[in-house]
Amino acid sequence: MKKELFYALAAGLLGASCTNTGPREVEYFALASDRMINQLSDSSFFNSVLCILDYDGDIYLSDTKRCQIFRLDTALNLVATIGKEGHGPKEFGYVEQFVVCRDTIFAGDITKQRILRFSTDGAFCGEEALKELIPLNQRIGMNPDHIYYLNTVGDKSGTSVLADYDRRSEQLNWFGRITDFGYPGKTRLQNRRNVHCWNGHLVVVPLSIPSIEIYDAKSRALEQSMDISQIPLVQAMYQKGVNNRQIAESPSGGYAIFFDSYLCGDALYVLCNVDLEGSELDHSAMLEFDLSKGGAEWVRRYDFPDWVCRFCVTDDYIYGFVPEFSAIKRYPRL
């Protein structure tokens, strides 16, 4: 019943926005899936999908338990299986985050401290060794010469939260101020960030801090830090984490407001949990921010019927991993 009341309220807000001639009102949409895949052609199942992205009309995803990357078409048919678990030079020790750039998949292997390269058809194209220990376990941004990612190791001073790996010189540069949460373990956990490349900039989403950061990709200078704590859903989840006494008193405990983020065109999408009962997670919601005016303006909220933990967005669809069914679901955009 609470869901029905929520969607009725959302419809009322949407209708009201059509007659408002002032600043753009936030739009609310309830999503419904039209296709699902949880079993591949070899009769095996997805298990733990922690990265999904689209590239040139197809969907790519990594399954950490299977230690492989899969390429699906928009109808969720399997096109290619990329890599496999093993100790050889063409095999993954562990794969989670990856990007696709110029028809090449760059997959960060945390175990081997390598970036493995594959064609989009699955052919092995080589590897790049890294001089420093890096996690590669949050979304990473990439252009042809640089890879930008969360730095949980830190520079020598321990004050930087992001890293820029120059693929040509093989040099690392650290940037972005880390927020101190009082204990080293808690500080590392609650400074997690996703990094996205966008028009010569880096759009950075802290997962435990209610803000969106925009950096100049070349100089690595912070240009804007936008407080989004007044968005009702963000505020509710943030206060729930901050007020959790067990987390507050734990030297290594932490919370997350956001669980994933994605960039599509000039729009940033951020995935949140929704807790309608005050204690148990009910479903997920996706917040859309317009970046075209130089900032990050909240313009839409999409509510999933499921709890989705990873997702990607295209012009026509939203694709999400639903752990309850170990499935990838497709949701038409309204």
Side-chain angles (χ1 to χ4, degrees), residues 50-51 53 62 64 92-102 104-117 126-181 183-209 211-226 252 254 256 258-263 268 270:
L50 293 182
C51 183
L53 57 84
S62 64
T64 60
F92 292 120
Y94 178 87
V95 61
E96 182 171 330
Q97 297 298 322
F98 65 97
V99 292
V100 186
C101 182
R102 293 186 175 180
T104 301
I105 298 169
F106 294 79
D109 190 320
I110 301 174
T111 302
K112 297 183 176 182
Q113 282 304 297
R114 298 287 189 271
I115 293 177
L116 304 185
R117 303 193 305 268
E127 65 177 19
E128 298 178 19
L130 302 173
K131 292 184 177 180
E132 300 285 343
L133 181 67
I134 65 174
L136 291 172
N137 56 3
Q138 300 294 156
R139 283 209 189 259
I140 56 180
M142 181 175 181
N143 60 37
D145 296 327
H146 294 262
I147 300 176
Y148 304 93
Y149 58 90
L150 170 72
N151 172 34
T152 58
V153 177
D155 59 6
K156 304 306 179 184
S157 65
T159 60
S160 297
V161 72
L162 299 170
D164 169 9
Y165 172 63
D166 188 322
R167 295 180 58 229
R168 295 182 182 273
S169 66
E170 298 184 349
Q171 294 299 310
L172 274 170
N173 291 289
W174 294 275
F175 65 103
R177 297 291 297 180
I178 196 167
T179 300
D180 186 3
F181 284 88
Y183 301 95
K186 187 185 292 290
T187 295
R188 284 194 298 271
L189 183 63
Q190 300 211 177
N191 273 278
R192 293 169 296 168
R193 281 161 165 79
N194 286 344
V195 184
H196 307 275
C197 289
W198 173 74
N199 293 346
H201 295 80
L202 305 175
V203 179
V204 178
V205 180
L207 302 187
S208 301
I209 303 170
S211 66
I212 297 173
E213 303 167 346
I214 299 181
Y215 294 80
D216 179 87
K218 186 175 182 180
S219 67
R220 299 181 294 274
L222 177 64
E223 295 182 336
Q224 296 186 65
S225 180
M226 289 148 287
S252 58
F258 311 121
F259 282 80
D260 200 6
S261 57
Y262 199 76
L263 200 63
L268 172 69
V270 179

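As the structure is a prediction and not an experimental result, all values here were calculated from the model.
Taking CG from Asn191 and CG from Asp180, the interatomic distance works out to 8.5 Å, rounded to the nearest 0.5 Å. To the nearest 0.5 angstrom, Asn194 atom CG is 3.5 Å from Ser261 atom OG. Separation of atoms CD1 (Ile115) and CD1 (Ile105) is listed at 13.5 Å; rounding is to 0.5 Å. In this structure, CG on Leu207 lies 8.5 Å from CG on Leu150, to the nearest 0.5 angstrom. The line from CH2 of Trp198 to CG of Leu263 is 8.0 Å long, rounded to the nearest 0.5 Å.
Considering only residues two or more places apart in sequence or on other chains, Glu128 meets the salt bridge (Lys or Arg N to Asp or Glu O under 4.0 Å) condition with Arg117, Arg167. With sequence neighbours left out, Tyr148 forms a ring-ring contact (aromatic ring centres under 6.0 Å, His included) with His146. Every residue was checked against the ring-ring contact (aromatic ring centres under 6.0 Å, His included) condition with His196, not counting sequence neighbours, and none meets it.
When every heavy atom of Cys197 is checked against every heavy atom of Gly141, the shortest pair comes out as SG-C, 3.6 Å. The two atoms that bring Asp145 and Arg168 nearest to each other are OD1-NE, 2.8 Å, heavy atoms only. Contact detail for Pro206 and Ser211: the closest heavy-atom pair is CD-O, 3.1 Å.
With contacts defined as side-chain heavy-atom distances shorter than 4.5 Å, the pair Ile212/Val204 does not qualify. In this structure, Glu213 and Val205 have side chains that are not in contact, with every pair of non-hydrogen atoms separated by 4.5 Å or more. Side chains of Phe175 and Leu202 form a contact here, defined as non-hydrogen atoms less than 4.5 Å apart. Side-chain atoms of Phe98 and Phe106, non-hydrogen and from C-beta on, never get closer than 4.5 Å to each other. Inter-residue side-chain proximity for Ile147 and Tyr149 is flagged as met; some heavy-atom pair is nearer than 4.5 Å. Val195 places a side-chain heavy atom less than 4.5 Å from the side chain of Leu162.
Ionic pairing of Glu127 and Lys112 is not present here: no N-O contact between side-chain nitrogen and carboxylate oxygen is shorter than 4.0 angstrom. Under 4.0 Å is where a charged nitrogen must lie from a carboxylate oxygen, and between Arg114 and Asp109 no such pair does.
Considering Gln138, Glu96, Arg139 in turn, Arg139 is the only one that fulfils the side chain to side chain contact (heavy atoms under 4.5 Å, CB included) rule with Cys51.
For Arg192 (side chain) and Leu189 (main-chain N/O), a donor-acceptor pair under 3.5 Å exists by modelled atom type. In terms of modelled atom types and a separation under 3.5 Å, the side chain of Gln97 and the main chain of Leu50 share a donor-acceptor contact. Without hydrogens or angle criteria, Thr187 side chain to Phe181 main chain gives a donor-acceptor distance under 3.5 Å.
Counting only N and O atoms by type, the side chains of Asp166 and Gln171 include no donor and acceptor under 3.5 Å apart.
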side-chain contact (heavy atoms from CB on, under 4.5 Å) assessment of Arg193 paired with Ile209: CA-CA 9 Å; Arg193 281 161 165 79; Ile209 303 170; 4.0 Å; yes

